[in-house]
Every structure is written in structure tokens, then in C-alpha cells.
Amino acid sequence: MKAKFCLALATIALGATAHAQDCDSACMSAIAQQYMTDVATQDWSRLPWANPVRYTENNVAMMIGDGFWGAGPTTGDDPLIVADESTGNVIWYGRTAEHGQLAYHGLRLKVRDGMISEVESYLGREGTPDLFAPLASYTLHSDFSANVASPASRDALIALVEGYFDTKTLNDGALQTTLADDCTQLVNGMNITHGEHPKAQAAQGCKAQLEIGLYKPVERIRARRYPVVDTEKGIVVALSLEDHAARELTYTTSDGKEHDIDVRYPNTRGRMDLFKVVDGAITRIDGVSVFLPYYIHSLWEE
């Protein structure tokens, strides 16, 4: 049945004659929402497919109809949808489920001439060694939907996120970016900067954690991409691969305290992170993280 589904979709894509058109932010957002609606009902025929279409799920290439498509998918309410007309990319971030098992889901679509040419999904599923907080109590902070009073340029916003990644990789306590004092970060719904998480117990807040070198197990952050930037809302969507070499089982932060690494073997985390920037400082980071084989190659890196 799945083979017939994929073959039929390929036929639709090859025979698509959708009229080429300009697709603004509202158009791309509508396509993203329609994509998730149609995945849930497995009715792919209404979607505008380009020829060809590239599709990956958790950095694995596959056919439309495989993976999430074929696993009894459902989608949650109130996703965040952000489109970027300058790149033709749109992201959908929210809750989904497969056969009732919940997941954090970051989706990127590339829309060209009103048709979907690229699909990239990251699903943070419960049960892997990565972080995971129960989705029933998760809510994306309302700040991500609010406009900022003083929008910064696209380049300035990306530079702040690049600086964050550089700081996290160097781990020498010197900040290469600007962080708000109350900056909070969630990974797969887990608050790692405040509350009861071990990292939060070591230091409260994004800035304090970076200043003591709490991320020394991170060897490198590569394949960095910024497909969607919304200057009006101060949002940067960052995609990256974060390598953990696991050469040592413990490490010491600059305050002299010893910490255990999270996972005791080499691994890579595929990430889609949403950064919120207000008044020139990163205030919130939220996103999905997926456990991957160590040093896996990005299928989207040029």
C-alpha cells in the first residue's frame, strides 16, 4: 500500500502543472498549515508539489509517504508558523503525534513559484537519549508571536545567533553575543536554564551557563543555516548539527565544579532552534533536538 502511495504521489509531482505565481508570507504560511492538515488526513493530492521534491526526516532522505506521513500522524493546535519571503522558506513548529505518541516537530518547507520543492522535518520523540519534557504541559511562549518595538536588520539578528553558537563551541566564558539577563532556553520542551534540570542547578540562565563553560562536551556546531528570519518579530530560525565527541566522561566548569556528560558515547544532535531577539539581546531559545549518529553529514549543507 505504501509503495502505491509513494508512486501515485511521484506521478502527481511529475505531472504537476500548477500555475507559477508569487507566494508571499501569507501564501507560504497557508501552504505550511495545509501540509500538516493533509499529512494528518493523508490527502496529498491538494498540495502544490514541485518537480522534483526533496524530503528528509531527522536528516534521512526518504519518499513523501514514508516516515511521519505513514505513521498515523496527528497535529496539535496553535503551532508557530513563520515565513520568510526573501528565502522562500516557511517553518511550522508545534506538537504532533504518531499512533498517539507525542513529539516536538519542527518543519521547514521551501516554496518556489507557489509549489513545495523542499521538505525538512525534525521530530523530537520520547524514548531517545535526548531531552524530552511531557508535551501535555508544553506551551510555546507568547513572545514568539509578538512584534518587537525596534526591529533589527536580518544580518544583525543572524550575527547574534552565530555569536551564540561560537560562544557555546569555544566554552571559554567569553561571550561572543548579547544575551538578556533573563534569557531562557527550552529543548524538546525541557527548560535547561531554569528550574530543576541539572544544567539549571549548575547555573541559572543562558548567560550564566555560557560564562562558566557548561557546554564543554559540545565539540562543534556545524552545518549552520538560517532559512527563516522575521525582523518584525525578532525571530531567527536556526538549523544545525551539534557534535558531542564524548572523549571524557566528566568535565570541570570555570567555577571549579565537576559535571558528568549527558551521554557516554559519541553522538550528534540535529537541531531546529527558534531564537527571540528583543532590543539587541537574545531573550528566548526554544526548539527541537534529535539524537543522530556521531558526525553525520547534513543532507542540506551545500
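- One N or O on the side chain of His141 and one on the backbone of Asp143 form a donor-acceptor pair closer than 3.5 Å.
- The shortest non-hydrogen separation linking Val263 to Ile261 is O-CD1, 3.0 Å.
- In summary, the side chains of Asp286 and Tyr138 do present a donor paired with an acceptor at a separation below 3.5 Å, with no hydrogens or angles considered.
- Side-chain contact annotation: Glu57 with Ser121, donor-acceptor N/O pair under 3.5 Å absent.
- Judged purely by distance below 3.5 Å, without hydrogens or angles, the side chains of Arg154 and Ser86 pair a donor atom with an acceptor atom.
- In this structure, Glu162 contributes its side chain and Ile158 its backbone to no donor-acceptor pair below 3.5 Å.
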Going through the checks in order, is the salt bridge (Lys or Arg N to Asp or Glu O under 4.0 Å) test met by Glu120 and Arg225? CA-CA 13 Å; Glu120 181 179 12; Arg225 292 175 289 132; 2.7 Å; yes

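- Salt bridge annotation for Glu118-Arg112: absent, with no cationic side-chain nitrogen under 4.0 angstrom from a carboxylate oxygen.
- A donor-acceptor contact closer than 3.5 angstrom links the side chains of Thr87 and Asn89.
- Gln201 CD: more than 12 foreign heavy atoms inside a 6.0 Å radius.
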Output, in order, the C-alpha distance, side-chain angles, deciding distance and verdict of side chain to side chain contact (heavy atoms under 4.5 Å, CB included) for Trp49 and Met115. CA-CA 5 Å; Trp49 299 104; Met115 294 181 287; over 6 Å; no

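- When all heavy atoms of Ala245 and Glu219 are compared, the closest pair comes out as CB-OE1, 3.5 Å.
- Panel note: side chain Thr177, backbone Leu160; a donor-acceptor pair is recorded below 3.5 Å.
- Taking both residues in full, the closest heavy atoms of Leu214 and Asn171 are given as N-OD1, 3.9 Å, listed atom of the first, atom of the second, then distance.
- Under a 4.0 Å N-O distance rule, the pair Lys199/Asp262 qualifies as a salt bridge.
- By the rule that hydrophobic residues join a cluster once side-chain heavy atoms approach within less than 4.5 Å of another member, Leu135 and Trp92 end up as members of separate clusters.
- For Glu85 (side chain) and Ser25 (main-chain N/O), a donor-acceptor pair under 3.5 Å exists by modelled atom type.
- Salt-bridge annotation for Lys207 and Asp182: absent, with no side-chain N of the basic residue lying under 4.0 Å from a carboxylate O of the acidic one.
- In the model, His259 has no side-chain atom that pairs as donor or acceptor with a side-chain atom of Thr252 under 3.5 Å.
- Using a 4.0 Å cut-off between charged nitrogen and carboxylate oxygen, Arg125 and Glu98 count as a salt-bridge pair.
- For the atom pair CZ of Phe144 and CG of Asp230, the computed distance is 12.0 Å after rounding to the nearest 0.5 Å.
- Two rings, from Phe132 and Tyr104, have their centers less than 6.0 Å apart.
- With hydrophobic clusters built from ILVMFWY side chains whose heavy atoms lie under 4.5 angstrom apart, Val111 does not share a cluster with Val229.
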Pair Thr268-Asp243, side-chain hydrogen bond (donor to acceptor under 3.5 Å, both in side chains): steps then yes or no: CA-CA 4 Å; Thr268 291; Asp243 296 323; 2.6 Å; yes

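- Side chain of Arg54 to backbone of Leu299: a donor-acceptor contact under 3.5 angstrom is found.
- Every residue was checked against the salt bridge (charged side-chain N to carboxylate O under 4.0 Å, His left out) condition with Glu211, not counting sequence neighbours, and none meets it.
- With hydrogens and angles ignored, the 3.5 Å screen pairs no side-chain donor or acceptor of Asn267 with any backbone N or O of Pro293.
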Where do Met36 and His105 land on the side chain to side chain contact (heavy atoms under 4.5 Å, CB included) test, with the steps shown first? CA-CA 11 Å; Met36 277 301 189; His105 196 149; 3.6 Å; yes

Please lay out, stage by stage, how Cys23 and Ile31 fare under the test side chain to side chain contact (heavy atoms under 4.5 Å, CB included). CA-CA 10 Å; Cys23 197; Ile31 289 175; 4.0 Å; yes

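- Annotation: the span from Ile282 atom CD1 to Thr184 atom OG1 amounts to 12.5 Å, rounded to 0.5 Å.
- When all heavy atoms of Ala83 and Ser29 are compared, the pair lying nearest together is CB-OG, 3.8 Å.
- Judged by distance alone, the side chains of Ser153 and Asp155 never bring a donor and an acceptor atom under 3.5 Å apart.
- Residues meeting the side chain to side chain donor-acceptor pair (under 3.5 Å) test with Gln34, sequence neighbours left out: Asp38.
- The CZ atom of Arg271 sits 11.0 Å away from the CG atom of Leu239 when rounded to the nearest 0.5 Å.
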Under the side-chain hydrogen bond (donor to acceptor under 3.5 Å, both in side chains) criterion, do Thr253 and Asp255 qualify, and how do the steps go? CA-CA 5 Å; Thr253 47; Asp255 57 0; 2.4 Å; yes

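- In this structure, Leu175 is not a member of the same hydrophobic cluster as Leu170, with clusters built from ILVMFWY side-chain heavy atoms closer than 4.5 Å.
- Ring-centre distance between Tyr294 and Tyr265: not below the 6.0 Å cut-off.
- Apart from Val278 itself, the hydrophobic cluster it occupies contains Val148, where clustering links Ile, Leu, Val, Met, Phe, Trp and Tyr at side-chain heavy-atom distances under 4.5 Å.
- Within the 4.5 Å cutoff, no side-chain heavy atoms of Ile235 are placed close to those of Phe275.
- Put simply, Tyr55 and Leu47 are part of the same group of oily side chains (I, L, V, M, F, W, Y) that touch within less than 4.5 Å, one to the next.
- No side-chain donor-acceptor contact under 3.5 Å links Glu242 and Tyr215.
- Residues Leu274 and Met190 are members of separate hydrophobic clusters, defined by side-chain heavy-atom contacts under 4.5 angstrom among Ile, Leu, Val, Met, Phe, Trp and Tyr.
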Please assess Ser145 against Leu80 for the test side chain to side chain contact (heavy atoms under 4.5 Å, CB included), listing each intermediate value before the final yes or no. CA-CA 8 Å; Ser145 300; Leu80 176 71; 4.2 Å; yes

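- The closest side-chain donor-acceptor pair between Tyr164 and Gln185 falls under 3.5 angstrom.
- The distance from the CD1 atom of Ile116 to the CG atom of Leu109 is 5.0 Å, given to the nearest 0.5 Å.
- Within a 6.0 Å radius of CG in Asn147, other residues, nucleotides and ligands contribute more than 12 heavy atoms.
- Taking CG of Leu241 as the start and CD1 of Ile221 as the end, the distance is 10.5 Å to the nearest 0.5 Å.
- Closest heavy-atom contact between Ile285 and Cys206: CD1-SG, 4.4 Å.
- The side-chain tip of Arg46 does not point at the ring of Tyr35 from less than 6.0 angstrom away and within 45° of straight on.
- For the atom pair Leu179 CG and Thr167 OG1, the distance stands at 7.5 Å (nearest 0.5 Å).
- A side-chain N or O of Asn191 and one of Thr193 form a donor-acceptor pair less than 3.5 Å apart.
- For Thr96 against Leu123, the heavy-atom pair with the smallest separation is OG1-CD2, 4.0 Å.
- With hydrogens and angles ignored, the 3.5 Å screen pairs no side-chain donor or acceptor of Asp166 with any backbone N or O of Gln176.
- A cation-pi arrangement is present between Arg108 and Trp300, with the terminal nitrogen or guanidinium carbon under 6.0 Å from the aromatic centre and inside a 45° cone about the axis.
- Under the 3.5 Å distance criterion, with hydrogens and angles disregarded, a donor-acceptor pair is assigned to the side chains of Asp130 and Ser289.
- Of the possible polar contacts, one joining the Lys276 side chain to the Lys233 backbone as a donor-acceptor pair under 3.5 Å is found.
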